[in-house]
Amino acid sequence: MIRPLRYGMVGGGRNAFIGAVHRAAAALDQQGVLAAGALSSEPTRARESARDLGIADDRGYGSWQELLDGERARPEDDRIDLVIIVTPNDVHFPVAKAALEAGFHVVCDKPLVHTSAQAQELVDLVTSTGLVFGVTYNYTGYPLVRHSRDMVSNGELVELRKVVVQYSQGWLATLVEATGNKQAEWRTDPARSGVAGAMGDIGSHAENLMATITGRHATHVNADVATVVEGRLLDDDAAVLLRLDGGVRGLLVASQIETGSENHLRIRVHGSEGSLHWAQEEPNLLVHTPASGPSRNLRRGNDYLSPSAQKATRIPPGHPEGYIEAFANVYLGVFEAIRAHGAGSRLGALEGQFPTVEDGARGVRFIERVIESGASNQKWIEV
């Protein structure tokens, strides 16, 4: 019997949103179990949060430094296998760096870190240690995102011409960070969020979704970046013209002030012989429109989908799958890679599908250049 992989979580304690999502996703396939945690930057709250989740008292740590030291001191067959980081952005780099240096695999929320220099340091550490490092761009885990990627890579759209990706929310349409909203407070604080607000929080997802499906990366950007809500310290609205590898053109919109929008992430990929349209709020439907013929609706769970899309599906068609399941697919890929690493074996053809530290580093570079472009009078800036 294969034992579940043990993980220690940093962040994600009481009243935290994303930590519970990570825990549910990691548990869905019974491949990961929460064994330790430093769940808050406040030691008392950290230990209380650990008790809430049934973590043993000697593994509910008061800080992430205590967690790494405590787990390294345990027998090898009892310590955690990986560290999951679900803190505000400013904590990502020191924890990820220390975890890798301590010999632990890492999963980190996005955006990866504050600067390209930090990102490159993590890339170099992963290269030198050989450890597994996943970044939770969770939308890549949807079955129809993976099918879209496979359709593009198989040449079904023939020559790629244009990509339009939009991520719109409305929850920051007013100055909610001044009302005690903890999620808004850190996302709009440059010291914690980094150089970007909306572009870092959701624009990073949009860039990664585009790159995952098309296999093309931005080479140049021309950005209009704005802070619309008076009193806010970071951007809350951006539109970016893109030049991608191979002469493909693109447009990326990331806005958190679009009143009435909830979590409106969608992408349209246009080729010479057809187009694809997928929207996260209706994730079980992919619309394929051939250049000569009617549109067809492709639905999750059917045998006509690609093998990677079928693997990412857990229940038959007609039963909605969504956010947690997509997140779990990212975790499943990480867990497969960690098991292969431990066994010294190669991953199978459909195994180990997850965004890597290199993807996270590319995202940080993209964010930096978009913000630089938005502040510049120069029309195009190289990424």
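Positions are given from 1, in the same order as the sequence printed here.
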Listed pairs under 3.5 Å, donor-acceptor, residues 195-204 side chains, sequence neighbours left out:
| unit_1 | atom_1 | unit_2 | atom_2 | d |
| --- | --- | --- | --- | --- |
| Asp201 | OD1 | Lys110 | NZ | 3.4 |
| Asp201 | OD1 | Arg187 | NE | 3.3 |
| Asp201 | OD2 | Arg187 | NE | 3.1 |
| Asp201 | OD2 | Gln256 | NE2 | 2.9 |
| Ser204 | OG | Gly200 | O | 2.6 |

Can you give me every donor-acceptor pair (side chain of residues 264-276, partner residue at least two apart or in another chain, under 3.5 Å) with its distance?
| unit_1 | atom_1 | unit_2 | atom_2 | d |
| --- | --- | --- | --- | --- |
| Arg266 | NE | Gln166 | OE1 | 3.1 |
| Arg266 | NH2 | Gln166 | OE1 | 3.3 |
| Ser272 | OG | Glu159 | N | 3.1 |

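The side chain to side chain donor-acceptor pair (under 3.5 Å) search around Asn263 returns Tyr139, Tyr167, Gln169, not counting sequence neighbours. Applying the side chain to side chain contact (heavy atoms under 4.5 Å, CB included) rule to Ala340 yields the partners Ser345, Leu347; only residues at least two apart in sequence or on another chain are considered. Legend: residues meeting side chain to side chain contact (heavy atoms under 4.5 Å, CB included) with Ala328, ordered by chain and number and at least two apart, are Ala25, Leu28, Asp29, Arg314. With sequence neighbours left out, Ser116 forms a side chain to side chain contact (heavy atoms under 4.5 Å, CB included) with Val364, Arg365, Glu368. Here Arg339 pairs with Ile2, Leu5, Gln31 under the side chain to side chain contact (heavy atoms under 4.5 Å, CB included) rule; sequence neighbours left out.
Within the structure, salt bridge (charged side-chain N to carboxylate O under 4.0 Å, His left out) pairs that include any residue of residues 117-137 comprise Lys97-Glu121 (at least two apart or interchain). Sorted by first and then second residue, the ring-ring contact (aromatic ring centres under 6.0 Å, His included) pairs involving residues 10-37 (not counting sequence neighbours) are His22-Phe327, His22-Tyr331. Residue pairs that meet the salt bridge (charged side-chain N to carboxylate O under 4.0 Å, His left out) test with at least one member in residues 324-333, sequence neighbours left out, do not exist here. The salt bridge (charged side-chain N to carboxylate O under 4.0 Å, His left out) pairs that include a residue from residues 279-306 are Arg300-Glu321, where partners are two or more places apart or lie in different chains. Sorted by first and then second residue, the salt bridge (charged side-chain N to carboxylate O under 4.0 Å, His left out) pairs with a member in residues 370-383 read Arg369-Glu372; sequence neighbours excluded.
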